[in-house]
Amino acid sequence: YSTTKTGFVGGENLSDRIYFQQAIAGQANISDVLISRSTGVKQINIAAPIWSSPPIHPIQRQVNPFSIRANSLTVLKLPAPPSHQAKPIGVLAGQVPVNHLTEVISSISTEKGSYAFVLDAKGVPIAHPNRRYIQASQSVLTDSNPSLASLARAMVNHQQ
């Protein structure tokens with residue numbers, strides 16, 4: 001794999017990372033917090049599949065490789081051959097460092113007595129104004145504060 005920060009990373013791959021597996025299977029996704037293999041930074045990955053495009057129509061082929069994109073069937077609005085099945089051929093991923101996420105969350109203005117926080121898919125706080133929750137690294141889905149536990153369950157279940 002290759003990153004914009006470190007370039008090509010030889011001798012390693014991302015095939016064991018869940019965010020990569022889901023994206024190469026055709027699903028855009030957001031990972032839970034993980035530690036980057038290339039930078040060592042705690043981050044969240046946002047990944048999306050890169051789909052194959054229909055082959056270039058034989059009549060439109062040109063020698064100049066830069067014209068390939070402009071001459072693809074999709075751009076020309078020509079129908080793809082019936083045999084063409086779009087499939088994921090790669091993954092594009094962007095990383096959001098947890099420190100950056102924490103800064104953004106702490107800058108959100110809220111009403112008096114309220115605060116913003118971020119949970120992962122298991123209900124573990126990623127960004128929270130009370131450092132105790134971050135350090136504990138435990139799910140708040142069953143927190144002793146019933147309001148927090150209820151809100152956490154709604155968040156994890158993608159409810160408003």
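Numbering starts at 1 and runs along the sequence shown. Quick caveat: nothing in here was measured; it's all calculated off a predicted structure.
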Just how far is it from atom [atom1] of [X] to atom [atom2] of [Y], taken to the nearest 0.5 Å?
X	Y	atom1	atom2	result
Q138	R132	CD	CZ	10.0 Å
Q95	N45	CD	CG	4.5 Å
L141	K122	CG	NZ	11.5 Å
I105	H100	CD1	NE2	9.5 Å

Which heavy atom of [X] sits nearest to which heavy atom of [Y], and what is that distance?
X	Y	result
S31	I44	O-CG2, 3.3 Å
A116	I108	CB-CD1, 4.1 Å
S114	T110	O-OG1, 2.9 Å
V124	S139	CG2-N, 3.7 Å
A23	P49	O-CB, 3.1 Å

Next item on the list: Could you tell me which residues satisfy salt bridge (charged side-chain N to carboxylate O under 4.0 Å, His left out) with R153, sequence neighbours excluded, listed by chain and number?
Entry: none
Mark yes or no for whether [X], through its side chain, and [Y], through its backbone, hold a donor-acceptor pair below 3.5 Å.
X	Y	result
Q22	A28	no
D32	A121	yes
N29	Q27	yes
S150	S147	no

Assigning hydrophobic clusters by single linkage (Ile, Leu, Val, Met, Phe, Trp, Tyr; side-chain heavy-atom cutoff under 4.5 Å), is [X] placed with [Y]?
X	Y	value
M155	I126	no
I50	I46	no
V118	Y115	no
F20	F8	no
L148	L119	yes

Check: Do other residues, nucleotides or ligands put more than 12 heavy atoms under 6.0 Å from the CD1 atom of I18?
Finding: no
Check: Are Y19 and L14 side-chain neighbours, meaning at least one heavy-atom pair lies under 4.5 Å?
Finding: yes
Check: Are any of the side-chain heavy atoms of L34 and Q43 separated by less than 4.5 Å?
Finding: yes
